[in-house]
Amino acid sequence: VDMAQHSEIKHRLAPLLGREADGLTSLCAGLLILVVANPLSVAAAGLQLSFAATLGVLTAGKMARPLRAWARDTERKAAAALAKAGELLLCPVFAALFTLPVQLAGGLTPSGVSVLASLLALPLMGPTLVCGLLAGLCGLVPGLDFAARVFSLGGGLLVRLLNAVATHLAALPLARL
């Protein structure tokens with residue numbers, strides 16, 4: 001999470017400093033900040049997995065550009081829909097591929113359903129984050145305690161749904177390769 005925050009800050013500051021925002025530079029700057037602050041963090045599997053997954057997502061974004069252009073330029077709706085589906089699959093596939101070496105080197109068990117899990121979790125992540133943020137903000141404002149509880153309940157229910165999806169997917173035959 002820290003690396004993502006540092007990368008996002010660098011990404012947002014670049015235009016203010018007259019620079020072009022670049023995802024790879026932001027990612028590496030975030031990593032550098034974390035490693036300078038705690039040199040031992042580079043050995044943590046969580047940091048390695050986060051870095052590899054983010055690098056995979058950035059690569060997928062670059063690979064998706066031609067798909068987006070083709071989908072925009074084509075007049076066939078079926079081809080445009082196929083291009084959009086391909087673009088949707090690129091991020092979780094590349095994140096899984098880029099984290100695979102880290103998982104194997106760390107003695108972790110790769111999952112055969114990680115792409116499916118990502119695709120199922122994706123629509124739930126935005127509303128879960130929004131509920132959590134709104135619950136926190138409402139909790140800071142006197143008189144909005146009830147709203148904070150409503151948003152907290154909504155976020156909690158969405159987290160339970162995410163956990164249920166993960167539990168069901170973990171029971172599938174290819175969940176552990």
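Apart from L40 itself, the hydrophobic cluster it occupies contains nothing, where clustering links Ile, Leu, Val, Met, Phe, Trp and Tyr at side-chain heavy-atom distances under 4.5 Å. Residue L140 is found outside any hydrophobic cluster, as its side-chain heavy atoms come under 4.5 Å of no other Ile, Leu, Val, Met, Phe, Trp or Tyr.
When all heavy atoms of T128 and G155 are compared, the closest pair comes out as CG2-O, 4.2 Å. Of all the heavy atoms in Q103 and P110, the pair that sits closest is OE1-CA, 2.9 Å. Between C131 and G154, the shortest heavy-atom distance links the atoms SG-C, 4.1 Å. Across all non-hydrogen atoms, the minimal contact from L144 to C138 is CB-O, 3.5 Å.
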- Query: What's the verdict on side chain to side chain contact (heavy atoms under 4.5 Å, CB included) for L24 and L55, showing C-alpha distance, side-chain angles and the deciding distance?
  - Reply: CA-CA 7 Å; L24 184 59; L55 188 59; 3.6 Å; yes
- Message: Would S111 and L177 count as a side chain to side chain contact (heavy atoms under 4.5 Å, CB included) here? Give the steps.
- Response: CA-CA 6 Å; S111 174; L177 298 178; over 6 Å; no
- Applying side chain to side chain contact (heavy atoms under 4.5 Å, CB included), run through V115 and L119 and close with a yes or a no. CA-CA 6 Å; V115 172; L119 291 173; 4.2 Å; yes
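Both M63 and L58 sit in one connected hydrophobic cluster of ILVMFWY residues. Membership requires side-chain heavy atoms under 4.5 Å apart, directly or through other members. Both L34 and V42 sit in one connected hydrophobic cluster of ILVMFWY residues. Membership requires side-chain heavy atoms under 4.5 Å apart, directly or through other members.
Put simply, CG on D145 and OG on S152 are 12.0 Å apart, with the number rounded to the nearest 0.5 Å.
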